[in-house]
Amino acid sequence: MSKKYAQWAPLVLRLIIGFGFMQHGWAKLSRGTAGFEKLLVLTGVPFAHISSWVAPLVELLGGFAIFVGAFTFIVSMPLIITMLVAMFTIQLNFGFSSVKTIGLSPTGPLFGPPGYEINLLYIAGLISLMLTGSGKLSMDNILARKKA
């Protein structure tokens, strides 16, 4: 692949990773954080009340920053931490696979709890963005050109 196209690869990563984090953050906030707080309490996460607000806000705002390519290196760090906490407190107990078909009902397949596969994919994508930069059509790129 030509080097002239290499700077477009981070755009693809940014869009799906950013959208994914925004979706997860919004899902927690839009239903109210009480249910998420209960989950955190049950899994033994310290400061569950505060964490039930911090995690979705990090996902929503951090996801937006990744989506537009703003401060990608810095913003990736709290997002990686969020993924690690979720992985070690919740998903690790359910194994690697993120899709576990446990049965079939008249309305379709039934799925078990997700493993840590998706967490690792998000972490790998964020590390990739940290190493390569946010690429074309990003706020980081626009700011760098203005400085130069």
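Atoms considered below: every heavy atom in the structure, side chains included; atoms not considered: hydrogens, waters and symmetry mates.
How far CD1 of Ile102 is from CG of Leu110: 6.0 Å, rounded to the nearest 0.5 Å. One distance of note links CD1 of Ile123 with CD1 of Ile118; it measures 11.5 Å at 0.5 Å rounding.
For residues 65-87, no residue pair satisfies the salt bridge (Lys or Arg N to Asp or Glu O under 4.0 Å) rule, not counting sequence neighbours. Here salt bridge (Lys or Arg N to Asp or Glu O under 4.0 Å) pairs that include residues 7-25, with residues two or more places apart or in two chains, number zero. Applying the side chain to side chain donor-acceptor pair (under 3.5 Å) test to pairs two or more places apart or on separate chains, those with a residue in residues 93-112 are Ser98-Glu117, Ser105-Thr107. Within the structure, ring pair (Phe, Tyr, Trp, His ring centres under 6.0 Å) pairs that include any residue of residues 96-148 comprise Phe21-Tyr122, Phe96-Tyr116 (at least two apart or interchain).
Cluster membership for Ile81 and Phe47, using ILVMFWY side-chain heavy atoms within less than 4.5 angstrom, is not shared. Note on Trp8 and Met139: same hydrophobic cluster, where clusters join Ile, Leu, Val, Met, Phe, Trp and Tyr whose side-chain heavy atoms are under 4.5 Å apart, directly or indirectly. Follow the hydrophobic side-chain contacts under 4.5 Å out from Val99 and you never reach Leu121; the two are in separate clusters. Hydrophobic clustering, with ILVMFWY side chains joined whenever heavy atoms are under 4.5 angstrom apart, groups Ile127 together with Leu79. Following chains of ILVMFWY side-chain contacts shorter than 4.5 Å, one cannot reach Leu137 starting from Val12, and the two form parts of different hydrophobic clusters.
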List, one per line, each side-chain donor-acceptor pair under 3.5 Å for residues 54-73, sequence neighbours excluded.
| from | atom 1 | to | atom 2 | distance (Å) |
| --- | --- | --- | --- | --- |
| Glu59 | OE1 | Gly25 | N | 3.3 |
| Glu59 | OE1 | Lys28 | NZ | 2.7 |
| Glu59 | OE2 | Lys28 | NZ | 3.2 |
| Thr72 | OG1 | Asp140 | OD2 | 2.9 |

Show me the donor-acceptor pairs, under 3.5 Å and distance only, between side chains in residues 32-40 and residues at least two apart or in other chains.
| from | atom 1 | to | atom 2 | distance (Å) |
| --- | --- | --- | --- | --- |
| Thr33 | OG1 | Trp53 | NE1 | 3.2 |
| Glu37 | OE1 | His49 | ND1 | 3.1 |

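Contacts of Arg145 classified as side chain to side chain donor-acceptor pair (under 3.5 Å), with partners at least two apart in sequence or in another chain: Asn141. Residues passing the side-chain contact (heavy atoms from CB on, under 4.5 Å) test with Leu13 are Ile17, Ser128, Leu129, sequence neighbours excluded. Residues satisfying the side chain to side chain donor-acceptor pair (under 3.5 Å) criterion with Ser51, sequence neighbours excluded, are absent altogether.
Annotation for Pro78 and Val75: closest pair CD-O, 3.2 Å, computed over non-hydrogen atoms. Listed here is the closest heavy atom pair of Gln91 and Pro114: CG-O, 3.4 Å. Considering every non-hydrogen atom in both Met83 and Asn119, the closest pair reads O-ND2, 3.2 Å. Listed here is the closest heavy atom pair of Ala6 and Pro10: O-CD, 3.4 Å.
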Kindly indicate, with the supporting measurements, whether the criterion side chain to side chain contact (heavy atoms under 4.5 Å, CB included) is fulfilled by Gln7 and Thr132. CA-CA 8 Å; Gln7 281 296 304; Thr132 64; 5.7 Å; no
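Two residues are said to be in side-chain contact when any heavy atoms from C-beta on lie closer than 4.5 Å; Val41 and Val45 fail this criterion.
Connectivity analysis of hydrophobic side chains (ILVMFWY, heavy atoms under 4.5 Å, direct or indirect) links Leu42 to nothing; its cluster partners are none. Through direct or indirect side-chain contacts shorter than 4.5 Å among Ile, Leu, Val, Met, Phe, Trp and Tyr, Ile74 is connected to no other residue.
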